[in-house]
Amino acid sequence: MKKAASSSAAIPRERRPDGLQKLFLWLIVLDYFLLSHFLLRMDSMTLNAGTTISFLLFGYNGLLAYLCFKRARRSGDFYIIYPTLAAILLAFILFLYFFFLIA
């Protein structure tokens with residue numbers, strides 16, 4: 001019997017997401033959940049509560065953006081930046097809406 005000819009080209013392995021990448025994706029999902037919760041409760045919030053929650057969301061989005069940019073630069077996962085930037089833009093619009101139209 002003859003051996004099958006083996007090709008010298010290496011078969012590329014599929015790159016699977018690691019645990020840290022999955023954590024970032026869950027943090028982005030959590031960010032959208034927090035922003036939607038803020039949107040739903042916006043009408044019944046006082047100015048003090050809305051300001052406190054806005055600062056907390058601003059800090060969370062800032063930290064998430066910093067970590068995502070650092071992660072994307074290091075490992076080449078640039079697609080993770082786009083949902084983060086979209087969440088930051090949504091948060092900015094919600095903050096403007098709360099402070100100028102509701103409060």
Side-chain angles (χ1 to χ4, degrees):
M1 286 191 108
K2 289 185 178 183
K3 283 186 170 180
S6 63
S7 119
S8 62
I11 298 172
R13 299 176 107 185
E14 286 187 32
R15 201 171 134 206
R16 304 187 79 211
D18 59 345
L20 189 60
Q21 186 177 4
K22 289 179 183 179
L23 176 70
F24 277 126
L25 293 175
W26 279 110
L27 288 175
I28 293 169
V29 168
L30 177 68
D31 190 24
Y32 280 106
F33 174 75
L34 291 173
L35 289 172
S36 64
H37 190 70
F38 178 66
L39 176 65
L40 293 174
R41 303 286 181 189
M42 196 180 295
D43 292 335
S44 62
M45 280 187 200
T46 63
L47 181 62
N48 191 19
T51 304
T52 304
I53 292 173
S54 296
F55 280 129
L56 289 172
L57 283 173
F58 181 75
Y60 181 76
N61 280 319
L63 183 65
L64 186 64
Y66 172 74
L67 292 174
C68 283
F69 275 105
K70 194 170 198 160
R71 165 78 178 178
R73 191 178 323 124
R74 182 175 297 158
S75 66
D77 295 331
F78 293 108
Y79 68 90
I80 205 167
I81 293 174
Y82 300 116
T84 306
L85 289 178
I88 292 170
L89 182 64
L90 179 64
F92 179 71
I93 291 169
L94 288 177
F95 297 157
L96 287 178
Y97 180 73
F98 178 75
F99 286 112
F100 290 116
L101 297 175
I102 293 180

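The basis for the numbers below is simple: all heavy atoms, side chains too, and nothing from hydrogens, waters or symmetry mates.
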How long is the straight-line distance from [atom2] of [Y] back to [atom1] of [X], given to the nearest 0.5 Å?
{"X": "F24", "Y": "T84", "atom1": "CZ", "atom2": "OG1", "answer": "8.5 Å"}
{"X": "I53", "Y": "H37", "atom1": "CD1", "atom2": "NE2", "answer": "7.5 Å"}
{"X": "K70", "Y": "L67", "atom1": "NZ", "atom2": "CG", "answer": "8.0 Å"}
{"X": "L34", "Y": "L39", "atom1": "CG", "atom2": "CG", "answer": "12.5 Å"}
{"X": "I88", "Y": "I93", "atom1": "CD1", "atom2": "CD1", "answer": "12.5 Å"}
{"X": "L94", "Y": "L89", "atom1": "CG", "atom2": "CG", "answer": "9.5 Å"}

Give the cluster check for [X] versus [Y]: same hydrophobic cluster or not, with ILVMFWY residues linked at side-chain heavy-atom distances below 4.5 Å.
{"X": "L30", "Y": "Y82", "answer": "no"}
{"X": "M42", "Y": "F100", "answer": "no"}
{"X": "W26", "Y": "L85", "answer": "no"}
{"X": "L56", "Y": "F92", "answer": "no"}

Taking all heavy atoms of [X] and all of [Y], pick out the closest pair and write down the distance.
{"X": "I81", "Y": "C68", "value": "CG1-O, 4.5 Å"}
{"X": "R41", "Y": "M45", "value": "O-CG, 3.3 Å"}
{"X": "F98", "Y": "T46", "value": "CZ-O, 3.8 Å"}
{"X": "S54", "Y": "F38", "value": "OG-CZ, 3.6 Å"}
{"X": "A87", "Y": "L35", "value": "O-CD1, 3.5 Å"}

I102 backbone acceptor or donor facing Y97 side chain under 3.5 Å: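 Checked: no pair found.
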
Any sub-3.5 Å donor-acceptor pair from N61's side-chain atoms to L57's backbone N or O?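 Answer holds: yes.
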
More than 12 heavy atoms from other groups under 6.0 Å of OH on Y66: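 Not more than 12 within 6.0 Å, no.
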
Residues I28, I80; criterion side chain to side chain contact (heavy atoms under 4.5 Å, CB included); working and verdict: CA-CA 9 Å; I28 293 169; I80 205 167; 3.9 Å; yes

Show your reasoning for whether side chain to side chain contact (heavy atoms under 4.5 Å, CB included) applies to L27 and D31. CA-CA 6 Å; L27 288 175; D31 190 24; over 6 Å; no

Do L90 and Y32 have side chains that get closer than 4.5 Å, going by heavy atoms?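 A side-chain contact under 4.5 Å exists here.
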
